[in-house]
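No experiment lies behind these values; they were computed from the predicted model shown. We count residues from 1, following the sequence as given. The figures here come from the full heavy-atom set of this structure, side chains too, leaving out hydrogens, waters and symmetry mates.
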Amino acid sequence: MFRAMNTTTALIERSSPDGHQEARRQLLYELVSGASGLALVGFMWGHMFLVSSILTGARGFDWVEETLQDYYLAQPTVFVVIVIFLVHAAMASRKIPAQLRERRRMLALARQLRNVTGAIPGLAPGDPRLHPHVESLLWIWQVRSGMLILVLGSFHIVLLSLDALTPLFGARTGIEAASTFARVQGGLWPVYAVLLLCVEFHAAVGLYRLAVKWGAGSHLSRTTLWRLALVLFWTFLGLGVVALAVLAGVLPPPLTFLVGS
């Protein structure tokens with residue numbers, strides 16, 4: 001596949017005077033897409049740890065938020081995240097429509113391959129010859145999760161922006177435990193559950209594909225990289241599920257003893 005892409009790029013460069021410039025432009029797009037995605041993953045991990053302060057109860061959650069407000073970290077972060085979110089969405093989605101149409105037959109082929117795998121002598125489910133098909137499916141589901149994140153994530157960012165910059169939904173400017181509890185328990189927990197699953201899946205697959213794309217596979221096998229991605233996926237998904245369960249009122253905050261609340 002990579003040889004075919006390189007050959008196509010070479011043909012474009014020889015046949016068109018603008019081919020080299022177009023190749024450099026596409027490389028720039030890939031760099032911006034990867035860098036913005038990596039920045040969003042880092043932000044989401046930090047965001048997850050901050051949200052998980054709810055495990056210490058309302059007092060711990062409010063203390064963390066008030067600290068961010070007092071040191072003027074919340075407001076600039078909102079603007080920076082919105083810009084990076086939009087840039088990544090634009091860069092990552094520039095090829096989606098055409099590629100989705102082209103991948104439909106590949107998806108059907110992968111389904112057929114899974115059905116007949118057991119009937120092929122010497123071809124086990126983990127055989128390296130199946131990797132291209134598995135990774136094609138991962139790419140497709142990453143695109144689908146990204147579409148959901150674009151919708152649900154935009155909704156979440158708007159709510160957080162209103163909380164961080166205005167007193168519209170609370171007694172003061174800033175994110176508050178009381179308004180957050182009320183929002184989640186008022187019916188938004190399914191939205192946040194879907195968003196949580198999509199974000200963690202999208203981040204894990206994105207990190208895996210980014211590592212493979214930029215040469216980490218020459219130092220670690222793809223199997224090892226994927227296992228690392230799975231560890232990150234289940235770790236942050238588990239943490240998020242527990243935090244969401246506390247916000248939804250299903251579980252009591254288990255770490256209230258840490259702040260004496």
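Looking at heavy atoms from C-beta onward, Thr67 lies in side-chain contact with Trp63 at the 4.5 angstrom threshold. The shortest distance between side-chain heavy atoms of Pro254 and Val246 falls below 4.5 Å. Side-chain contact check for Leu197 versus Leu237: some heavy-atom pair is nearer than 4.5 Å. Counting heavy atoms from C-beta outward, Gln21 and Arg25 have side chains that approach closer than 4.5 Å. When side chains are defined from C-beta on, Met48 does not count as touching Trp45, because their heavy atoms never get closer than 4.5 Å.
Taking CG of Leu162 as the reference point, atom CD1 of Ile157 lies at 12.0 Å (rounded to 0.5 Å). How far CD1 of Ile175 is from CG of Leu68: 8.0 Å, rounded to the nearest 0.5 Å. Considering CD of Glu65 and OG1 of Thr180, their distance stands at 8.5 Å, rounded to 0.5 Å. The distance from the NE2 atom of His202 to the CG atom of Leu207 is 10.0 Å, given to the nearest 0.5 Å. With rounding to the nearest 0.5 Å, the separation of OH in Tyr208 from CG in Leu232 is 14.0 Å. Arg183 CZ to Leu159 CG: the interatomic distance, rounded to the nearest 0.5 Å, is 4.5 Å.
Following chains of ILVMFWY side-chain contacts shorter than 4.5 Å, one cannot reach Trp226 starting from Val231, and the two form parts of different hydrophobic clusters. In the hydrophobic clustering of ILVMFWY residues, with side-chain heavy atoms under 4.5 Å counting as a link, Met44 and Leu230 come out together. Hydrophobic clustering (ILVMFWY, side-chain heavy atoms < 4.5 Å, transitive): Leu152 and Phe155 are in one cluster. Hydrophobic clustering (side-chain heavy atoms under 4.5 Å, transitive across Ile, Leu, Val, Met, Phe, Trp, Tyr) groups Leu251 together with Tyr192.
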- Message: Quick one, Phe201 with Phe236, criterion ring pair (Phe, Tyr, Trp, His ring centres under 6.0 Å). Give me CA distance, side-chain angles, the key distance, then yes/no.
- Response: CA-CA 10 Å; Phe201 174 83; Phe236 284 97; over 10 Å; no

- Where do Ile149 and Phe85 land on the side chain to side chain contact (heavy atoms under 4.5 Å, CB included) test, with the steps shown first? CA-CA 10 Å; Ile149 292 171; Phe85 181 79; 4.1 Å; yes

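For Phe61 against Glu176, the heavy-atom pair with the smallest separation is CE2-C, 3.9 Å. Residue His47 comes nearest to Leu160 through the heavy atom pair CE1-CD1, 4.1 Å, listed as atom of the first residue, atom of the second, then distance. Minimum heavy-atom separation, Leu150 to Ala89: CD1-CB, 3.9 Å. Heavy-atom minimum distance, Ile82 versus Ser161: CD1-OG, 3.8 Å. Closest approach of Leu55 to Leu239, counting heavy atoms only: CD1-CD1, 4.3 Å. Here the closest heavy-atom approach between residue Ser221 and residue Thr224 is recorded as OG-OG1, 3.0 Å.
Side-chain N or O atoms of Glu200 include none that pairs as donor or acceptor with a backbone N or O of Trp234 at under 3.5 Å. For the pair Ser36 (side chain) and Val32 (backbone), a donor-acceptor distance under 3.5 Å is present.
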